[in-house]
Amino acid sequence: MGDYGHELTFGTFLTPDAAHADRVVALAQLTEAAGLDLVTIQDHPYQARFLDAWTLLSVLAGKTSRVRLSPNVANLPLRPPAVLAKSVASLDILSGGRAALGLGAGGFWDAIGAYGGRKLAPGEAVAALEEAIGVIRGIWGAQGRSVRVDGAHYRISGAHAGPVPAHEVPIWLGAIKPRMLRLTGRLADGWLPSSAYVPRSSCPPRTRSSTRPRRRQAGSPVTCGGSTT
């Protein structure tokens with residue numbers, strides 16, 4: 001595996017199964033006890049058997065003391081960016097600066113539409129994501145500022161910034177295709193690829209062989225053939 005100059009961070013990718021809520025909390029606590037760095041949660045609001053990601057992340061913040069917490073990735077089409085920004089900032093303050101924001105353009109559009117979200121074409125979804133990042137970072141700005149974004153997908157007209165997060169919250173994008181990767185390079189702090197969606201033809205050669213799955217490194221290049229958990 002090549003050295004890309006990033007500090008290695010490791011974590012878990014938990015399924016927020018409402019039927020086994022206590023187990024989800026226990027796995028997050030085990031993540032911390034094992035010395036890992038991150039607890040990340042799927043965010044599929046339209047999935048009937050899943051807990052709400054932000055409610056769960058808030059509970060996990062109270063049940064842990066060290067690990068960072070992030071959706072992986074937040075469902076932007078069902079979470080207006082200004083309100084999402086306030087949710088993230090609130091979690092960061094309440095957890096003592098442990099929040100991160102994994103963010104995606106959207107997928108499973110029929111399910112999103114069933115929950116009242118707009119169905120977007122791929123190009124529209126990427127453009128909406130770019131606008132949303134501007135909104136989120138604006139809301140995280142110093143209190144007293146007004147946030148204005150006049151976009152094709154999001155229009156924010158003089159919203160008051162705040163609260164300010166406890167630390168500089170990183171935005172990691174779930175990105176695979178070229179336009180999303182370019183957006184990641186321009187505006188994001190890191191990359192959350194899912195190896196299941198990366199064509200093997202685009203993967204760098206393996207530099208070592210192993211039968212053990214590799215955990216994904218948040219904010220760093222994907223290792224092909226690795227695990228998404």
Side-chain angles (χ1 to χ4, degrees), residues 13 15-16 40-54 56-57 70-89 100-141 147-159 169-203 216 218-222 224 226 228-229:
F13 176 52
T15 300
T40 69
I41 301 293
Q42 296 184 45
D43 182 27
H44 297 287
Y46 41 75
Q47 174 55 262
R49 65 183 182 87
F50 282 4
L51 297 162
D52 173 69
W54 282 104
L56 176 57
L57 285 166
S70 177
N72 190 0
V73 291
N75 192 297
L76 180 62
L78 290 175
R79 299 191 184 279
V83 177
L84 177 60
K86 187 155 190 169
S87 297
V88 177
L101 177 58
L103 197 56
F108 305 102
W109 292 103
D110 288 342
I112 288 169
Y115 254 59
R118 292 184 302 140
K119 296 183 181 181
L120 300 177
E124 292 176 320
V126 177
L129 174 59
E130 181 168 357
E131 291 177 14
I133 292 172
V135 172
I136 291 167
R137 290 209 164 114
I139 295 295
W140 289 345
V147 181
R148 298 182 183 276
V149 175
D150 186 19
H153 301 279
Y154 299 109
R155 291 182 174 85
I156 307 298
S157 303
V169 176
I171 295 177
W172 301 326
L173 296 189
I176 295 297
K177 294 186 177 180
R179 187 172 178 182
M180 280 287 287
L181 291 174
R182 288 194 294 270
L183 181 63
T184 301
R186 285 192 295 112
L187 296 181
D189 302 297
W191 183 30
L192 282 173
S194 182
S195 61
Y197 294 98
V198 179
R200 285 195 172 272
S201 60
S202 67
C203 294
R216 186 171 52 221
S220 71
V222 69
C224 295
T228 59
T229 58

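- Taking CD1 of Ile136 as the start and CG of Leu76 as the end, the distance is 6.5 Å to the nearest 0.5 Å.
- Contacts of Tyr46 classified as ring-ring contact (aromatic ring centres under 6.0 Å, His included), with partners at least two apart in sequence or in another chain: His44.
- Nearest heavy-atom pair, Glu124 versus His153, reported as atom, atom and distance to 0.1 Å: O-NE2, 3.5 Å.
- Annotation: side chain to side chain donor-acceptor pair (under 3.5 Å) contacts of Arg148 (sequence neighbours excluded): none.
- Here the CH2-CG distance, from Trp191 to Leu173, works out to 11.5 Å after rounding to the nearest 0.5 Å.
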Side-chain atoms of residues 174-185: list all donor-acceptor pairs with protein atoms under 3.5 Å, sequence neighbours left out, distances to 0.1 Å.
{"unit_1": "Thr184", "atom_1": "OG1", "unit_2": "Met180", "atom_2": "O", "d": "2.9"}

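- Scored by the salt bridge (charged side-chain N to carboxylate O under 4.0 Å, His left out) test, Arg155 finds Asp150 as partners (sequence neighbours excluded).
- Every residue meeting the side chain to side chain donor-acceptor pair (under 3.5 Å) condition with Glu130, not counting sequence neighbours, appears here in chain and number order: Arg186.
- With sequence neighbours excluded, no residue satisfies side chain to side chain donor-acceptor pair (under 3.5 Å) with Glu131.
- Pairs passing the side chain to side chain donor-acceptor pair (under 3.5 Å) check and including a residue from residues 79-88, sequence neighbours excluded, read Asp43-Arg79, Asp52-Arg79.
- Considering every non-hydrogen atom in both Ile41 and Ala53, the closest pair reads CG2-CB, 4.2 Å.
- Residue Trp140 comes nearest to Val88 through the heavy atom pair CZ2-CG1, 3.5 Å, listed as atom of the first residue, atom of the second, then distance.
- Taking the side chain to side chain contact (heavy atoms under 4.5 Å, CB included) definition, one finds that Val73 meets it with Leu192, sequence neighbours left out.
- Going from atom OG1 of Thr15 over to atom CG of Leu51 covers 11.0 Å, rounded to the nearest 0.5 Å.
- The heavy-atom pair separating Gly104 from Leu129 by the smallest distance is O-CD1, 4.0 Å.
- Residue pairs that meet the salt bridge (Lys or Arg N to Asp or Glu O under 4.0 Å) test with at least one member in residues 105-117, sequence neighbours left out, are Asp110-Lys119.
- Shown here for Ala159 and Ile139, the closest heavy-atom pair between the two residues is CB-CD1, 4.2 Å.
- By the side chain to side chain contact (heavy atoms under 4.5 Å, CB included) test, Pro77 is found to be paired with Asn75, Trp109, Ile112, residues two or more places apart in sequence or in another chain being considered.
- Atoms CG and CG, on Leu78 and Leu84 in that order, are 11.5 Å from each other to the nearest 0.5 Å.
- Here the shortest heavy-atom pairing between Ile133 and Ile171 reads CG2-CD1, 4.2 Å.
- For Pro122, there are no side chain to side chain contact (heavy atoms under 4.5 Å, CB included) partners two or more places apart in sequence or in a different chain.
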